[in-house]
Protein chains: 2
Amino acid sequence: MSERRVTAQDAVLAALRSDILTGELEPGDQIVQESLAERYGVSRVPLREALKTLESEGQVVYHPHRGYFVSELSVADLLEVYRLRELLEAEAIRAAVPTLTDADVDAVAELAAQVEAAADRVDVMEMTVANRRFHFALFDAAGLPRLSRLLRQLWEATDAYRALYFQSPGNRERVSGEHAQMMTALRARDAEALVRLHDEHRDHSVDAVRALLGERSP
Amino acid sequence: MSERRVTAQDAVLAALRSDILTGELEPGDQIVQESLAERYGVSRVPLREALKTLESEGQVVYHPHRGYFVSELSVADLLEVYRLRELLEAEAIRAAVPTLTDADVDAVAELAAQVEAAADRVDVMEMTVANRRFHFALFDAAGLPRLSRLLRQLWEATDAYRALYFQSPGNRERVSGEHAQMMTALRARDAEALVRLHDEHRDHSVDAVRALLGERSP
DNA sequence: GTCACGGGAATTGGATCCAATCTAGCAGAT
DNA sequence: ATCTGCTAGATTGGATCCAATTCCCGTGAC
């Protein structure tokens, strides 16, 4: 994972994620391999390998002999993602909090500051990335790599909507405030409070994303 | 999923799973694409696509320019898999039980009978397959497709060891007995009892698999 | 007007070929 | 003896080409 990105399939995978996240590729779109490969400047082989990993994450769906399509997230699917996140993130936080040193907590605080800085600059893309680093710093600290991986899959499934969520100034402000509360609980090593704050934090975003989904496909 | 298997990559994927399950490909082995492709009678392209999906399931690990290797399951990883299964299966069962009709319960009972029949015939491979159908009939009834998919991934990660578990006559007998108890709880629509039985059921297999792992890599 | 049925274009699936990278083994220096 | 640097072989990564399947659209029968 941390190996330097050299292969074309990795570059293509990153490009695909970005295109899905920015809406360049919209839910329901067929992915025409020939044209996309040309756009990325590679052949179809590495593109297809990247698509296979996106398929297993549920970001695209595959129909043999018909091709890959950007997944359409239904409301039911969205709610399921958040329900599973609730379950798994609580587990991660409870496992992580007791193991964190003061230095670790400071590092997490630094990441929270980066999220806020991006919010102030109204850099939505950077905020999305920083926000993810902040939350996963906590999750990864649990030392349960499989759990981390499952959570990454679930987060990626709703990446497109999270970026939209950060578009609104009100949401950006709320996120910063909630992160600050979470840091307080974290410094107090109060795992249960942190879980509760995390749940509220997530509930706010699910409400917003659900509203977005509703207007898009009524 | 349920589309008929026509493409070579699907066939190769099934073949790879089977080879890993039977130990034809052992943990730690490098997968030499050329020779494996030849053995399966296909070119390297569909093989590589199948490997990509196994990679995302954690069945194989991938190092750029070095290749794919069959994953080695550490004790820590094993315990993590079972810990996550405990969490997610409880959720699935609680969601599923209230929705099941009498006909559904009968269908599950039929699957339990198939497991027992395979056990009596000492058909380990068939027992593995039937056992999986039995448990997932329950999980899938929750109507949470993402949850089902995560559980499939977790089960697949330990498939190789489950087959070993069924090798022992004692284990086969215990499994049948525990399934019977679970059916009783299911008929009573007692989700909590079912969750508890499921946990015990799982604990037994984790103990056995842990013992296997221990003697293999001390 | 609707439906069934070709037939050709578009698209995907897979095979083969070449380039890039890694690995193993040897030669030589220290 | 050990370490370093190099070369040759093996292996993977990617591009191109051909085959197989699907899709789209026009034609004709009713």
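A note on names: the letters A, B, ... follow the listed sequences, proteins ahead of strands, and every chain is numbered from 1. On a predicted model such as this, the values are computed, not experimentally measured, just so you know.
A:Asp10 places its CG atom 17 Å from the P atom of D:dT12, with the value rounded to the nearest Å. D:dA10 atom P lies 23 Å from atom NE2 of B:His63, rounded to whole Å. In this structure, CD of B:Glu34 is placed 14 Å from P of C:dC18, rounded to the nearest angstrom. Regarding A:Ile31, its CD1 atom lies at a distance of 13 Å from the C1' atom of C:dT12, rounded to whole Å. Atoms CD (A:Glu38) and P (C:dT12) sit 14 Å apart, rounded to a whole Å. A:Tyr62 has its OH atom 16 Å from the P atom of C:dT11, to the nearest Å. Atom pair B:Gln9:CD and D:dT21:C1' shows a separation of 14 Å (rounding to whole Å applied).
Counting only distance, with no hydrogens or angles, the side chain of B:Arg133 and the backbone of B:Thr128 share no donor-acceptor pair below 3.5 Å. Of the possible donor and acceptor atoms, none in the side chain of A:Arg132 sits under 3.5 Å from a partner among the backbone N and O of A:Glu156.
Under the 3.5 Å distance criterion, with hydrogens and angles disregarded, no donor-acceptor pair is assigned to the side chains of B:His135 and B:Glu89. With hydrogens and angles left out, the side-chain atoms of A:Asp19 and A:Tyr40 include a donor and acceptor closer than 3.5 Å.
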Got a list of protein N/O to nucleotides 23-25 of chain C N/O distances below 3.5 Å?
from, atom 1, to, atom 2, distance (Å)
C:dT23, OP1, B:Arg66, NE, 2.5

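Residue B:Gln33 places at least one side-chain N or O closer than 4.0 Å to OP1 or OP2 of D:dG13.
Between A:Leu186 and A:Val108, some side-chain heavy-atom pair lies under the 4.5 Å cut-off.
Of all the residues in residues 40-55 of chain A, A:Val42, A:Ser43, A:Val45, A:Pro46 reach under 4.0 Å from DNA chain D with at least one non-hydrogen atom.
Not a single salt bridge (charged side-chain N to carboxylate O under 4.0 Å, His left out) links B:Glu110 to another residue, sequence neighbours left out.
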